[in-house]
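Written below as structure tokens is the structure these notes are about.
Everything numeric here is computed off the predicted structure, so don't read it as measured data. Chain naming here is simple, since letters A, B, ... match the order of the sequence lines and numbering starts at 1 in each.
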Number of protein chains: 2
Amino acid sequence: MDYQQFKKMMLASRQDIFLEVIAENRENIRIKKEKTVVKNLDKIFKATLKISNQKGFQAMSMRDLCQETGISLGALYAYFPSKDDLLSMLMTQGRDAVERVLDSETLQFDDPWGKLKAFIRTHVYLSEIMRPWFYFFFMEAKNLNPSDRKKAIEGDLATEMRLESTLEEGQKLGQFEKRDIVLTAEMIKGLFANWYIKRSKFRSRNISVDQYADFMIEFMADYLGVEDQLGKVSGENM
Amino acid sequence: MDYQQFKKMMLASRQDIFLEVIAENRENIRIKKEKTVVKNLDKIFKATLKISNQKGFQAMSMRDLCQETGISLGALYAYFPSKDDLLSMLMTQGRDAVERVLDSETLQFDDPWGKLKAFIRTHVYLSEIMRPWFYFFFMEAKNLNPSDRKKAIEGDLATEMRLESTLEEGQKLGQFEKRDIVLTAEMIKGLFANWYIKRSKFRSRNISVDQYADFMIEFMADYLGVEDQLGKVSGENM
DNA sequence: GTCTATATACGGATAGAC
DNA sequence: GTCTATCCGTATATAGAC
């Protein structure tokens, strides 16, 4: 599977996230008509991500958000009780969506290398489609309230553990060379972050998503001493 | 050279940075006595980094800074004309200090692999000593005014070019295997950032600076196919 | 459901006493 | 050189008309 195919697949389930937000925040959202909520939440989230990623969530004023969405100040507060709750909603729902996709694309694999390859490719592709979200998670994590912060850290740790257990399994089966698991997992996550944080730099250097995913897979094959280095040519494992 | 030695060497030139700040901002700093300026700028910079790294520079109020430094609101403004200028001073002076150290530790090498090893080790060590600064550069880069932003980007690009030219040179001499230079350089920078951004995670996993530097060097030796993989055992090249 | 007008608090920055 | 008191703009959030 290449990026174009992945993208097509994802766009199908695009609006799910808003239905979920509505369901989870029913009492906080004063608007009754679901269709209106979906339409405006979409605007609000998009605008929030856009402005925040330029100058930070704190620096974004509600008037900025007004202007960008075309929704008045008063009306905005019908969709969330406070600016802080808007942050919370974005974070929680975004992370849930990401986790769901990663799970659905990787849990099917048995062999560690297949799983690792799928995880890398899915993560890179997903962070490309949802780049503003990933950038936002990364930059605004420190501004979360304690409760959301705790959830974020737990989610992060869960991903990390899955990565580490895949590496460990691969080592036990003799599929991977022996490497420091913690450091290797951290490195993989660092390379993921590199993609969505320095997105514009890669674009200016004409490096595509597919190239980056291939690069990471080839790189790991090399580092872990995996014999099947076909990660970049054959996509049959994903 | 290991981290302890590097640290000792660095601490000697610790106060230089403040003398430079004073020299470069003489007209903006209303205080006459140099000793007072050095003492208080130290407090102000430390406090700014501490608070900003917790909740962001924008979110830090001047009153926060008052409390943390123990210097009153009015007095603070004797050391810089505006909050924005404080940001500018921190960025400019910090970056200059970093660049100077990196230059002094790497320009002496002729062979690419020696240069690359020295660069990696110096960068990792330096980002450990100056962790709050590096974190600050990374997180606040997008909040700079256009002029400082331009300087920051230029400096960044210069580092990048040096890294890329080292890689290219190594390839030409047949010392390194052929790899995508841009991607490799970006990866190295990503791994650098990983260290100072996820510092606390590495601490909780009991991974030391030396281990991380060794890891990166070994890693690159592997990736570039360098035969001398002694980066982690023998430090004689640095 | 959406708007405009406004309450209230907090931000950066300055004045002027000591 | 440092302090306290204050100016004034802008922030979040709400009230109440339409």
Side-chain angles (χ1 to χ4, degrees), chain A residues 18 21-22 25-45 47-48 51-52 54-90 140 143-145 148, chain B residues 18 21-22 25-45 47-48 51-52 54-90 140 143-145 148:
Chain A
F18 295 107
V21 178
I22 298 166
N25 295 277
R26 243 296 147 240
E27 73 275 26
N28 289 331
I29 299 176
R30 287 210 309 269
I31 314 293
K32 301 273 166 63
K33 248 170 65 185
E34 189 166 274
K35 212 171 165 176
T36 314
V37 187
V38 169
K39 190 189 68 180
N40 283 337
L41 266 187
D42 185 32
K43 268 195 215 165
I44 292 169
F45 279 13
T48 304
I51 303 167
S52 299
Q54 277 165 8
K55 58 178 180 181
F57 183 78
Q58 302 245 16
M60 175 192 81
S61 72
M62 291 302 292
R63 283 171 180 86
D64 289 338
L65 192 54
C66 261
Q67 198 168 25
E68 184 71 30
T69 54
I71 301 168
S72 76
L73 205 47
L76 282 177
Y77 279 94
Y79 293 88
F80 47 83
S82 76
K83 197 186 165 191
D84 201 61
D85 284 294
L86 171 59
L87 175 60
S88 185
M89 277 162 63
L90 258 174
E140 305 297 339
N143 300 323
L144 289 173
N145 61 51
D148 285 330
Chain B
F18 294 107
V21 178
I22 298 166
N25 296 276
R26 241 299 147 238
E27 73 274 25
N28 289 331
I29 299 177
R30 288 208 310 270
I31 314 293
K32 301 274 165 66
K33 249 172 59 185
E34 189 167 273
K35 213 171 164 176
T36 313
V37 187
V38 169
K39 190 189 68 182
N40 282 338
L41 267 187
D42 185 32
K43 266 194 217 166
I44 292 169
F45 279 13
T48 304
I51 303 167
S52 299
Q54 277 165 10
K55 57 178 179 180
F57 183 78
Q58 302 244 18
M60 175 192 82
S61 73
M62 291 303 293
R63 283 164 183 88
D64 289 338
L65 191 55
C66 264
Q67 198 169 28
E68 183 71 31
T69 55
I71 301 169
S72 74
L73 204 47
L76 281 177
Y77 279 93
Y79 293 87
F80 47 83
S82 75
K83 197 187 167 192
D84 200 60
D85 284 293
L86 172 59
L87 175 60
S88 185
M89 278 162 62
L90 259 174
E140 306 297 339
N143 301 323
L144 290 173
N145 60 51
D148 285 329

Side-chain N or O of A:Y77 closer than 4.0 Å to phosphate OP1/OP2 of C:dG1: no

Student check: side-chain heavy atoms of B:K83 and B:L87 closer than 4.5 Å: no

Rounded distance (Å) that lies between atom C1' of C:dG11 and atom CG of B:L73: 10 Å

Integer-rounded Å distance: C:dA13 P and B:M60 CE: 10 Å

Separation of D:dA11 P from A:F57 CZ (nearest whole Å): 14 Å

Charged tip of A:K39 within 45° of A:F18 ring normal and under 6.0 Å: no

Out of C:dG1, D:dA11, D:dT2, whichever nucleotide has its closest atom nearest the side chain of A:S61: D:dA11

Non-hydrogen atoms of B:N145 and B:D148 that approach each other most closely: OD1-N, 2.9 Å

A:M62 CE - C:dC10 C1' separation (whole Å): 17 Å

Donor/acceptor link under 3.5 angstrom from A:R63 side chain onto base of D:dT12: yes

N/O (side chain, B:N40) to phosphate O (OP1/OP2, D:dT2) under 4.0 Å: yes

Minimum heavy-atom distance between A:T69 and A:L65, given as atom pair plus value: OG1-O, 2.7 Å

Sugar-phosphate, base or nothing in reach of A:I71, heavy atoms under 4.0 Å: sugar-phosphate

Result of checking B:P81, B:S82, B:S88 against B:N28 for side chain to side chain contact (heavy atoms under 4.5 Å, CB included): B:P81

Sugar-phosphate only, base, or nothing, as touched by A:S72 at under 4.0 Å among non-hydrogen atoms: base

Rounded interatomic separation in angstrom, taking CD1 from B:I29 and C1' from D:dT2: 16 Å

Euclidean distance, atom NZ of residue B:K83 to atom P of C:dA13 [Å, nearest integer]: 8 Å

Distance, rounded to the nearest Å, where A:Q58 contributes CD and C:dG11 contributes P: 11 Å

Rounded distance (Å) that lies between atom P of D:dA11 and atom CG of A:L87: 18 Å

5'-most by nearest nucleotide on DNA chain D - B:L76 or A:G74: B:L76

Sugar-phosphate, base or nothing in reach of B:Y79, heavy atoms under 4.0 Å: sugar-phosphate

